[in-house]
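Worksheet for the structure shown next.
Quantities reported herein were computed from a predicted structural model and do not represent experimental measurements.
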Amino acid sequence: MIKKKYPLGKIVLGMSGGVDSSVCAYLLKKQGYEVIGLFMQNWDSYLNNDLQGHLKDDTKQCNVQKDFQDAQNVANQLGITIHRVEFIKQYWKKVFAYLIREYQFGRTPNPDVLCNKYIKFHEFIKYAQKHFRTSEIAMGHYANIVCRNQQYYLTQAKDKNKDQTYFLCWLTENQLVHTKFPIGKLTKTQVRKIANDIGLNNWNKKDSTGICFVGERHFKSFLNNYLPHKKGTIIDIVSNKKVGVHDGVAFYTYGQNKGLGLSGQSQKYFVCNKDMKHNILYVCDSQSKNKYLTSHQCELINFNWINHLPKTKNVQIRFRHRQTLINGSFEIKNKKMLLTYRPTLSVTPGQFAVLYQRHICLGGGIVNTVLK
């Protein structure tokens, strides 16, 4: 009998040029997969009018070329094929338009959640099925998938500091069925060591930061490409006195204390409320921060259960990536979900609230209203 060269068949891996996806390629090939690398370009600075806010004189377009070259070099070294695909229009329609719309409403969105749902785990899977005749995909996320009693659960990564289940909360169980996360049981240190040991040149490459596929930007300047400045008044919510001038309410988020232009004040200020209709930004000082920024309940909309509804309503909650898990509970009334939790600072409309039980990520929804 002739031994099959790839006993586990084809798998299409999202390759970014970074160390995480590169080590995934190595591990999958070692396991016996025919690994096909797929490099996604989802943003084009020229097409998308991305002119302001770059950290350097170069544009993201140049960085895309460098990242693809890094991915190509890894593919050549590991002996796998790599292809390049653009989802620029889909990203704009499904992810970026949502981000701009939410900021216009004075909310604080998380586009990475939508990028995962609609691009990395939808458009990507469709492309793999059409062009490579497989629906099996892999990504370099720090997360795990566990199958119990024919149910597929999303569980936290071994490296809690790098865990990315927060950004995966809008996936479905069907998407999990077709997905592998090869580095979920490794720490970042272990991943870099593997890359170094096998001689990958990108073993110490800096992690990507900023908006998914857009990159790191001077955020206010970047948003100004799509949202015009509209100067208005900053008011101390306690004294009701004007303390400064802002560039547009949409550019600020609850709890923010830097970039307010209030450095000359005798006390530190935090954004605590927004009046979008009258273009007023309200701030509070350190002494009144707990009063105006602490909440214990919020209402969620568009909640996604990855699996079935859990039997117990006691959960752990995360409102931001890497935030310490908060004990709480949920209640569903009239198709709306109400979260109750210990007093927490700066829970913000537009953010995702992601629920956990033990190590399992149950899903997530968008904070619609904060109840103090």
Side-chain angles (χ1 to χ4, degrees), residues 5-43 55 58 60 62-85 112 115-116 119-121 124 128 132 136-145 154-168 179-216 321-322:
K5 186 176 180 182
Y6 301 110
L8 297 182
K10 291 181 184 176
I11 192 164
V12 182
L13 167 68
M15 293 188 69
S16 65
V19 65
D20 295 332
S21 58
S22 299
V23 170
C24 286
Y26 167 75
L27 294 174
L28 289 167
K29 184 177 180 182
K30 188 178 178 181
Q31 290 169 21
Y33 285 98
E34 177 187 356
V35 181
I36 301 169
L38 192 61
F39 179 92
M40 289 177 281
Q41 181 180 348
N42 297 335
W43 186 256
L55 301 186
D58 61 346
K60 184 62 181 174
C62 300
N63 294 336
V64 167
Q65 294 302 120
K66 175 64 167 62
D67 289 340
F68 178 68
Q69 189 58 58
D70 288 343
Q72 180 73 72
N73 291 341
V74 169
N76 292 341
Q77 187 171 346
L78 297 178
I80 65 174
T81 59
I82 187 168
H83 302 263
R84 185 168 177 169
V85 63
D112 292 36
C115 181
N116 280 323
I119 307 300
K120 292 182 180 178
F121 295 88
F124 190 99
F132 306 114
E136 298 302 303
I137 70 162
M139 293 287 176
H141 290 74
Y142 284 87
N144 286 300
I145 298 170
L154 178 65
T155 63
Q156 290 179 289
K158 176 181 178 180
D159 191 333
K160 295 300 185 289
N161 186 52
K162 298 296 294 183
D163 177 67
Q164 293 174 296
T165 52
Y166 178 89
F167 300 119
L168 300 170
T179 301
K180 293 190 181 301
F181 297 125
I183 59 172
K185 291 181 170 59
L186 301 174
T187 65
K188 184 73 179 195
T189 300
Q190 289 173 318
V191 168
R192 289 199 184 278
K193 184 178 186 305
I194 291 171
N196 191 25
D197 288 346
I198 63 176
L200 298 183
N201 291 332
N202 64 353
W203 71 272
N204 63 345
K205 184 176 179 179
K206 181 182 176 183
D207 290 342
S208 60
T209 56
I211 302 172
C212 185
F213 286 105
V214 177
E216 193 173 357
H321 174 49
R322 290 180 179 161

Once salt bridge (Lys or Arg N to Asp or Glu O under 4.0 Å) is applied, do any residues pair with Lys193, and if so which ones, sequence neighbours excluded?
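Applying salt bridge (Lys or Arg N to Asp or Glu O under 4.0 Å) to Lys193 gives Asp197.
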
Are [X] and [Y] packed together at the side-chain level, in the sense that at least one heavy-atom pair is separated by less than 4.5 angstrom?
X      : Y      : answer
Asn201 : Asn73  : no
Met40  : Lys120 : yes
Lys188 : Asp20  : yes
Val35  : Met15  : no
Val64  : Arg84  : yes
Tyr33  : Leu13  : no
Thr187 : Lys158 : yes

Between [atom1] of [X] and [atom2] of [Y], what distance do you get to the nearest 0.5 Å?
X      : Y      : atom1 : atom2 : result
Ser21  : Tyr26  : OG    : OH    : 16.0 Å
Asn202 : Gln77  : CG    : CD    : 8.5 Å
Leu200 : Ser22  : CG    : OG    : 6.0 Å
Leu154 : Asn144 : CG    : CG    : 8.5 Å
Ile183 : Ile194 : CD1   : CD1   : 9.0 Å
Ile137 : Leu38  : CD1   : CG    : 10.0 Å

Minimum heavy-atom distance between [X] and [Y], given as atom pair plus value:
X      : Y      : answer
Gly17  : Asp70  : O-CB, 3.6 Å
Phe39  : Ala71  : CD1-CB, 4.2 Å
Asp163 : Gln156 : OD1-CA, 3.2 Å
Ser16  : Asp67  : O-CB, 3.4 Å

Please indicate whether Lys180 has more than 12 foreign heavy atoms, meaning atoms of other residues, nucleotides or ligands, lying under 6.0 Å from its NZ.
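No.
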
NZ/Lys160: more than 12 non-hydrogen atoms of other groups inside 6.0 Å:
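Counting neighbours around NZ of Lys160, more than 12 heavy atoms of other residues, nucleotides or ligands fall under 6.0 Å, so yes.
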
Within the side chain of [X], is there an N or O that forms a donor-acceptor pair under 3.5 Å with the backbone of [Y]?
X      : Y      : answer
Arg192 : Lys205 : yes
Gln41  : Phe68  : no
Lys29  : Ile80  : no
Gln164 : Ala143 : no

With sequence neighbours left out, what residues match Phe124 under ring-ring contact (aromatic ring centres under 6.0 Å, His included)?
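For Phe124 there are no ring-ring contact (aromatic ring centres under 6.0 Å, His included) partners, ignoring immediate neighbours.
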
What ring-ring contact (aromatic ring centres under 6.0 Å, His included) pairs are there with at least one residue in residues 181-205, not counting sequence neighbours?
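ring-ring contact (aromatic ring centres under 6.0 Å, His included) check on residues 181-205 returns His141-Phe181.
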
Using 30° and 60° as the class limits, which term best fits the ring planes of His321 and Phe167: parallel, tilted or perpendicular?
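Taking Phe167 first and then His321, their aromatic rings sit tilted (interplane angle of 30° to 60°).
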
Assess, by modelled atom type and distance only, whether the side chains of Asn76 and Gln72 contain a donor and an acceptor separated by less than 3.5 Å.
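Yes, side-chain donor-acceptor contact under 3.5 Å.
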
